[in-house]
Amino acid sequence: MKHHIENLIASALAGLEATGALPPAHGAAITVDHTKSKEHGDFACNIARVLAKHAHAKPRELAEKIVKALPASEKISKVEIAGPGFINFFLGADANHGVIREILDQRERFGRSRLGAGRKVQMEFVSANPTGPLHVGHGRGAAYGATLANLLDAAGFNVHREYYINDAGRQMDILATSVWLRYLELCGEKFDFPVNGYKGDYVYDIGATLHRENGDKYRHAATRVFEKIPLDEPKGGDKETHIDALIERAKSLLGADAYRKVFDLGLNVILDDIRQDLEEFGVTYDQWFSERALVEDGAANRAIERLKKSGHVYEKEGALWFRSTDYGDEKDRVVVRENGQKTYFAHDIAYHMDKLERGFDRVIDIWGADHHGYVPRIKAALAAIGDDPERLHVLLVQFAILYKGGERMQMSTRSGEFVTLRELRREVGNDAARFFYVLRKCEQHMDFDLDLAKSQSNDNPVFYVQYAHARIHSVFRQMKEKGFAHDPANGDRNLARLTEPHERALIERLARYPEVIEAAATTFEPHQVAYYLRELAYDFHTYYGAHTFLVDDAAVRDARLNLVVAARQVIANGLKLLGVSAPETM
RNA sequence: GCGCCCGUAGCUCAGUUGGAUAGAGCACCAGCCUUCUAAGCUGGUGGUCGCAGGUUCGACUCCUGCCGGGCGCGCCA
């Protein structure tokens, strides 16, 4: 409808230009907007105000000329000039009736578009370190990423979903060492657990598995393990050097093969847990991309070679630096450390290089907001090796701050004191969690009040939307009990009988669904869909309250049933995008 | 100190990319179930859009400066 009106205006302007009433080549974009108030019709256009200066005319006079030049349209019942030169369009009563037919015809395909034209988009999200279970902060990235992926898919993009596994790095070594130390405790060894080790219960469990399956095979005396290890923090030492020394000790005592076994046990147990957690949350991936595999494949070395060739690399104090300041970063960054080890950054350059080489038109990273300082350097690296940094979109998701009993909760994987995504899902359910998470745009800080989510879960808007869906199913159950049958063809012939204001409002809302999907996809804002669904549910519930659908007049009844089936379809389509179920009963 | 994000009703947040009188939900008040599910509907109370300037026909929206909150500024990942 929007496009229809835009076309009418475009041809009016062309007509005016042809007669010389308007100077040509104005170059202004025609925008038609939905009005806020019905007083101003259904759509409004401000083109007369925009072009007034260019045409050396008063906005109202120009508006009158444009209106006179408008081609006739059977969908428009009235055109008015209002205020200081807005052109308001009033739709005919049946202008949108065709959308009901469209929805019933296209069913789950309704709302999909070809906006993306099949362009390939790679999306990476969550990618939490496999050092512990996902917590509620990861849940937000998961819900947001999965929903955005669904949206882009619906908008006609070819979406590839990916999880980057940080399985090469110090954090993983700390985990492996923590697991081994817990194992040693189970073997009967006595020592103080390092403050910088992972202390969650799951580390204990993995240590227990190691013990159950291998007995004392990996046991070493505590005195030997801690021999000449620098003191830990509580004893006046440094916790970082303490844990690093323990990692080296684990590697040397166990040997490369055994260490890798312990390491992989921890990695696999936690990764399986994460994978299952996400799957239950309706979040699935096309690929789980291993950092370790990338490095072992030599990709990091190749990335560094490419950087070197670009001439933006230099040596200083024994380390290899990337001069990211050449591309606007605030300081240069190390890619190879003094000790010869490559940094996480070097690996990440290799990973992003790999993404772009795989032929994606667009690469989207969804990161926690704490990584925002990281964006300029990764873009700098891509620019240095001759890739287009504009192809990379980094979306930063702000933290979800948890409150319980009015108090802010600390979330730290290391301390093991955090609310896991799994706990949250159990408390409020998958549907409410998915919906709640995408109710805010990603740059908005989110207060997640656990007590509220628990105690007032009935007030969660997700139930309101689901209830509308279930109610429509209920109407059909009642229909059968009353001995009626739905004749969609008859309903289709009688769509003109849908003249009530509630019906017009509902139909208009349904007609907007495709616009909402496109807008949400292009702005990366899934919350628009959530808000739309709530409004759609409101339109339905008020309609339901004001009119009976199962009336004796078959023409009206069938037309109304066509309408509510269409509403049910759009609700189901929208909920599907959000990863929320559409129940038939509640 | 520098950088990113946020500041809209008592609370949690929208605001169609600069348009007409700033909107929801929750909470609070008053009504509506022998009639398609009351997880619903109808009405009401509630705002100096953080503050001060600027840009223009027009600013919650764009620019500048303050104030307040969150996060980040490693040869960690």
Side-chain angles (χ1 to χ4, degrees), chain A residues 2 31 33-37 39-40 44 46 49-50 52-53 59 82-86 88 129 131 166 168-172 174 240 291 316-321 330-331 333-339 341-345 347-348 368-376 396-399 401 436 439-449 452 456-468 470-479 481-482 484 512 515-516 519 522-523 527-528 530-532 534-535 537-538 540-551 560-561 564 585-586:
Chain A
K2 222 171 176 173
T31 55
D33 292 314
H34 291 275
T35 55
K36 277 183 187 163
S37 153
E39 237 179 283
H40 302 124
N46 65 349
R49 315 198 54 172
V50 176
K53 247 181 202 167
F86 291 104
N88 292 335
N129 283 346
T131 53
N166 296 124
R170 181 164 172 266
Q171 295 307 321
M172 287 306 297
I174 295 176
E240 303 292 348
E291 177 186 4
K316 190 179 94 182
E317 294 161 4
L320 194 68
W321 295 70
E330 50 191 32
K331 54 172 288 193
R333 310 291 173 178
V334 171
V335 284
V336 181
R337 287 193 276 265
E338 200 179 358
N339 65 11
Q341 288 213 319
K342 286 179 274 297
T343 59
Y344 174 83
F345 177 47
H347 292 177
D348 222 19
D370 52 337
H371 287 70
H372 69 82
Y374 200 75
V375 178
L396 299 169
V397 178
Q398 296 292 325
F399 279 13
I401 302 164
F436 198 97
L439 217 42
R440 277 115 190 75
K441 48 184 152 190
C442 67
E443 64 263 34
Q444 179 71 250
H445 299 269
M446 176 185 282
D447 288 341
F448 208 122
D449 189 327
L452 195 77
Q456 304 193 337
S457 60
N458 279 357
D459 295 325
N460 193 309
V462 68
F463 296 104
Y464 185 75
V465 176
Q466 288 181 317
Y467 184 46
R471 258 186 161 177
I472 297 170
H473 272 281
S474 174
V475 167
F476 279 84
R477 287 190 291 271
Q478 277 296 320
M479 179 191 76
E481 277 183 30
K482 291 188 174 184
F484 291 128
R512 287 185 71 162
E515 286 173 32
V516 171
T522 52
T523 55
H527 76 275
Q528 291 191 30
Y531 278 87
Y532 168 84
R534 211 174 58 179
E535 283 159 4
Y538 170 78
F540 169 75
H541 285 307
T542 54
Y543 178 34
Y544 181 97
H547 299 283
T548 307
F549 310 149
L550 299 172
V551 293
R560 286 182 173 174
L561 289 175
V564 297
T585 58
M586 284 181 78

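Quick note on labels: first sequence line is chain A, next is B, and so on, each numbered from 1.
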Quiz item: For RNA chain B, whose closest nucleotide is more 5', that of A/Thr522 or that of A/Gln478?
Solution: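 Its nucleotide being nearer the 5' end, the pick is A/Thr522.
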
Exercise. Assign each of A/Tyr543 and A/Ala369 to its nearest nucleotide of RNA chain B by heavy atoms, then name whichever residue's nucleotide is nearer the 5' end.
Key: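 Looking at RNA chain B, the more 5' nearest nucleotide goes with A/Tyr543.
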
Self-check item: B/A20 base stacked by A/Phe86 (centroids within less than 5.5 Å, tilt under 30°)
Solution: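 It does: the ring sits over the base of B/A20.
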
Quiz item: With centres under 5.5 Å and planes under 30°, do A/His372 and B/G72 count as stacked?
Solution: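 No, aromatic ring not over the base.
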
Once hydrogens and angles are ignored, does a donor-acceptor distance under 3.5 Å link the base of [N] to the side chain of [X]?
X        : N     : value
A/Asn46  : B/G19 : yes
A/Asp370 : B/A77 : no
A/His371 : B/G72 : no

Out of [options], whichever nucleotide has its closest atom nearest the side chain of [X]:
X        : options             : result
A/Thr542 : B/C41, B/C36, B/A77 : B/C41
A/His445 : B/C6, B/A38, B/G74  : B/C6
A/Phe463 : B/U17, B/A14, B/A39 : B/A39
A/Arg440 : B/C5, B/C13, B/G40  : B/C13
A/Gln444 : B/U17, B/A77, B/G7  : B/G7
A/Arg337 : B/C36, B/A39, B/A77 : B/A77
A/Lys441 : B/A14, B/G3, B/C60  : B/A14
A/Ala319 : B/A77, B/G72, B/C75 : B/C75
A/Gln398 : B/C5, B/C71, B/A39  : B/C5
A/Tyr531 : B/A20, B/A77, B/C13 : B/C13

Measuring only the [atom1] atom in each nucleotide, how far is [N] from [M]? A whole number of Å is fine.
N     : M     : atom1 : value
B/U48 : B/C73 : P     : 39 Å
B/C29 : B/G68 : C1'   : 34 Å
B/C49 : B/G18 : C1'   : 16 Å
B/A39 : B/C26 : C1'   : 14 Å
B/C62 : B/C76 : C1'   : 39 Å
B/C33 : B/U42 : P     : 16 Å
B/G3  : B/C60 : C1'   : 25 Å
B/C4  : B/G40 : C1'   : 43 Å

Quiz item: Does the pair A/Arg170/A/Glu240 count as a salt bridge with the N-to-O cut at 4.0 Å?
Solution: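 Looking at A/Glu240 together with A/Arg170, the answer is yes, because their closest N to O distance falls below 4.0 Å.
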
So how far is it from [X] [atom1] to [Y] [atom2], rounded to the nearest 0.5 Å?
X        : Y        : atom1 : atom2 : result
A/Lys441 : A/Gln528 : NZ    : CD    : 9.0 Å
A/Thr585 : A/Gln466 : OG1   : CD    : 11.0 Å
A/His372 : A/Gln398 : NE2   : CD    : 8.5 Å

Looking at every strand, decide which applies to [X] at a 4.0 Å heavy-atom threshold: base, sugar-phosphate, or nothing.
X        : value
A/Arg512 : base
A/Ala546 : nothing
A/Ala168 : sugar-phosphate
A/Arg333 : nothing
A/Glu317 : base
A/His473 : nothing
A/Ala468 : nothing
A/His40  : base

Rounded interatomic separation in angstrom, taking [atom1] from [X] and [atom2] from [N]:
X        : N     : atom1 : atom2 : value
A/Tyr544 : B/C41 : OH    : C1'   : 11 Å
A/Ile472 : B/G40 : CD1   : P     : 15 Å
A/His34  : B/A20 : NE2   : P     : 15 Å
A/Lys36  : B/U61 : NZ    : C1'   : 10 Å
A/Glu338 : B/C75 : CD    : P     : 11 Å
A/Leu439 : B/C13 : CG    : C1'   : 8 Å
A/Lys2   : B/U17 : NZ    : P     : 7 Å
A/Met586 : B/G40 : CE    : P     : 9 Å

Give none if [N] has no partner; otherwise give the nucleotide forming a Watson-Crick or G-U wobble pair with it, both distances under 3.5 Å.
N     : result
B/G7  : B/C67
B/C49 : none
B/G72 : B/C2
B/G31 : B/C41
B/C62 : B/G54

Exercise. Verify whether the ring centers belonging to A/Tyr543 and A/Phe549 lie closer than 6.0 Å.
Key: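 Yes: the rings meet the under 6.0 Å criterion.
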
Between [N] and [X], is there an OP1 or OP2 to side-chain N/O distance shorter than 4.0 Å?
X        : N     : answer
A/Arg534 : B/A14 : no
A/Tyr538 : B/U42 : yes
A/Tyr374 : B/C71 : no

Quiz item: What orientation do A/Tyr464 and A/His541 show, parallel under 30°, tilted 30 to 60°, or perpendicular over 60°?
Solution: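 A/Tyr464 and A/His541: tilted rings.
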
Quiz item: Can you check whether A/Thr131's main-chain N or O pairs, donor with acceptor, with A/Asn129's side chain at less than 3.5 Å?
Solution: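 No, the answer is negative, given that no donor and acceptor are paired below the 3.5 Å cut-off.
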
Self-check item: Exam field: side chain A/Thr542 to backbone A/Tyr538, donor-acceptor pair closer than 3.5 Å
Solution: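 Flag set: sc A/Thr542 to bb A/Tyr538 pair under 3.5 Å.
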
Exercise. State the syn/anti category of B/C6 according to its glycosidic angle, syn meaning within 90° of 0.
Key: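 With its glycosidic angle more than 90° from zero, B/C6 counts as anti.
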
Practice problem: Answer syn or anti for B/U64, where the cut-off is 90° from 0 on the glycosidic torsion. | Solution: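 For B/U64, whose glycosidic angle is more than 90° from 0, the conformation is anti.
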
Quiz item: Would a 4.5 Å heavy-atom cut-off, applied to side chains only, mark A/Trp321 and A/Arg333 as touching?
Solution: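 No - every pair of side-chain heavy atoms lies 4.5 Å or more apart.
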
Quiz item: Is the cationic atom of A/Arg471 (NZ for Lys, CZ for Arg) positioned less than 6.0 Å from the six-membered ring centroid of A/Tyr544 and within 45 degrees of its normal?
Solution: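 Judged by the rule (NZ or CZ under 6.0 Å from the ring centre, within 45° of its axis), A/Arg471 counts as positioned above A/Tyr544.
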
